J.: 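Once you've had a glance at the structure underneath, I'll fire off some questions.
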2 protein chains.
Amino acid sequence: MTMTIGQLAKKAGVNIETIRYYERRELIPKPHRRKSGYREYSNEFVKRIQFIRHAKELGFSLKEVHELLSLRLDPETPCSEVRKRAEVKISDIDERIKNLQQIKKSLLKLSEACQRSCPISECPILEALEK
Amino acid sequence: MTMTIGQLAKKAGVNIETIRYYERRELIPKPHRRKSGYREYSNEFVKRIQFIRHAKELGFSLKEVHELLSLRLDPETPCSEVRKRAEVKISDIDERIKNLQQIKKSLLKLSEACQRSCPISECPILEALEK
DNA sequence: ATAAACCCTGTACCCTGGTATAGAGTCAAG
DNA sequence: CTTGACTCTATACCAGGGTACAGGGTTTAT
């Protein structure tokens, strides 16, 4: 049911040191400790760390991840505020998706051009993401 | 028509040093030089640098950006190879888009839950990106 | 009851992606 | 023809996000 830091690291696919680092950065809550001082984790922590891992791959900084994770944390924050912040994040995400779709379109174009006859003088990839 | 490195930096919205750095990393071609040694850039470079900037925001490393940009570069590379690489990139991008949509869904859920009555005991954001 | 395999804290180090600075040359406006 | 703004190379430095010891205590399997 519970696990040590080494087991958590294996399950979540990260280095042990990374977990301690995230704890210092307050990206994950301080876990319960045994009398010996050993950290003890529940399965919830696996989710949380995987979330961080994925969000990072998507280009969010640890600071941004912190913002995402703490959106719902403080019960004192008024709802209207939480909603506002969530909506800001949402439009940020929409923007990212749009940009990724542009790059994808360019790659498809490149791939097709290639299939026909390879006369790729211009680079369709650059057309993506121009401003 | 052509511009100096300072003008390019301003147009593309980056630091001058960043441009020289990208040149060393071979993310942009070596520009033409005046007799004095000054670099001279065409408008093409603005596009290229903005592409790099955006791709970075989307979580691509400079190494990955290099791969994207050089996909169509070497005329010796056989078409089949270029297509294969493009397709790998495309499915990588699809994966990213899917993950972003998951996060977005969670944020929407959070925002809605908040709107109704604020009893947000569980964190819907964590549900996104599990696995 | 003793190794092997963990875990603890603290500190130092590493890589990526820049950014700054020094010391010297160039350009252009008055 | 000079002065201020720009550029050059080379080297040093910085922040973010980890990763790796060192020196010392736990756990567990035999």
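Values below: all heavy atoms of this structure, side chains included; hydrogens, waters and symmetry mates excluded. These numbers were taken from a predicted model, which means no experiment stands behind them. Throughout, protein chains are lettered first and strands after them, A, B, ... in sequence-line order, and every chain is numbered starting at 1.
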J.: Are the side chain of A/Glu87 and the backbone N or O of A/Lys84 linked by a donor-acceptor pair below 3.5 Å?
T.: no
J.: CD1 of A/Ile19 to OH of A/Tyr41: how many Å apart, nearest 0.5 Å?
T.: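 A/Ile19 CD1 to A/Tyr41 OH: 5.5 Å, rounded to 0.5 Å.
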J.: How many Å lie between NZ on B/Lys35 and P on D/dT7, as a whole number?
T.: 18 Å
J.: Atom NE2 of A/His32 and atom P of C/dC7: how far apart are they, to the nearest Å?
T.: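 From A/His32 NE2 to C/dC7 P: 17 Å.
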J.: Would you say a side-chain N or O of A/Lys56 is under 4.0 Å from OP1 or OP2 of D/dG18?
T.: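 For D/dG18, OP1/OP2 do have a side-chain N/O of A/Lys56 under 4.0 Å.
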J.: Considering every strand and a 4.0 Å limit on heavy-atom distances, what is the contact class for A/Lys63: base, sugar-phosphate, or nothing?
T.: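 The residue A/Lys63 makes no contact with any strand.
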J.: Measure the shortest side-chain to side-chain distance between A/Phe51 and A/Val65 over non-hydrogen atoms and say whether it is less than 4.5 angstrom.
T.: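 Yes. Closest side-chain heavy atoms under 4.5 Å.
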J.: Provide, to the nearest angstrom, the distance between the CZ atom belonging to A/Arg34 and the P atom belonging to C/dC8.
T.: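 Value for this atom pair: 9 Å.
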J.: Between B/Arg53 and B/Ala12 (side chain of the first, backbone of the second, donor and acceptor by atom type, cut-off under 3.5 Å), is there such a pair?
T.: yes
J.: Does anything in residues 2-11 of chain B reach DNA chain D, meaning a heavy atom under 4.0 Å, and if so which residues?
T.: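 Here the set is B/Thr4, B/Ile5, B/Gly6.
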J.: What residues form a side chain to side chain contact (heavy atoms under 4.5 Å, CB included) with A/Lys63, not counting sequence neighbours?
T.: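 Scan of A/Lys63 (side chain to side chain contact (heavy atoms under 4.5 Å, CB included), adjacent residues dropped) gives A/Ser61, A/Glu67.
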J.: Rounded to the nearest 0.5 Å, what's the gap from CZ on A/Phe60 to CD1 on A/Ile93? Could you check?
T.: 4.5 Å
J.: Which whole-number value in Å describes the distance from A/Glu26 CD to D/dG17 P?
T.: 15 Å
J.: Find the distance A/Glu40:CD to D/dT26:P and express it as a whole number of Å.
T.: 15 Å
J.: Just compare C/dC8, D/dG18, C/dG18 and give me whichever is closest to any side-chain atom of A/Arg33.
T.: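 Of the options given, the side chain of A/Arg33 lies nearest C/dC8.
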J.: To the nearest 0.5 angstrom, please state how far the CD1 atom of B/Ile5 sits from the OG1 atom of B/Thr18.
T.: 9.5 Å
J.: Please report, rounded to the nearest Å, how far the P atom of C/dG17 is from the CD atom of B/Glu57.
T.: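 Interatomic distance, CD of B/Glu57 to P of C/dG17: 14 Å.
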J.: Let me know the distance between CZ of A/Phe60 and P of D/dG18, rounded to the nearest Å.
T.: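 After rounding, the gap between these two atoms is 15 Å.
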J.: Could you check whether any side-chain heavy atom of A/Leu62 comes within less than 4.5 Å of a side-chain heavy atom of A/Tyr21, counting everything from C-beta outward?
T.: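 In short, these two side chains touch, coming nearer than 4.5 Å.
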J.: Is there a donor-acceptor pair closer than 3.5 Å between any side-chain N or O of A/His54 and the backbone N or O of A/Gln50?
T.: yes
J.: Mind listing the N/O atom pairs, protein and nucleotides 20-25 of chain D, below 3.5 Å?
T.:
residue : atom : partner : partner atom : Å
D/dG25  : N2   : A/Tyr38 : OH           : 2.6

J.: Of the nucleotides D/dC8, C/dC8, C/dC7, which has the atom closest to the B/Arg39 side chain?
T.: D/dC8
J.: Select from A/Tyr41 and B/Tyr22 the residue whose nearest nucleotide in DNA chain C is closer to the 5' end of that strand.
T.: A/Tyr41
J.: Please state how far atom OH in A/Tyr21 lies from atom P in D/dT19, giving the value in whole angstrom units.
T.: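 Atom-to-atom, A/Tyr21 to D/dT19, this comes out as 10 Å.
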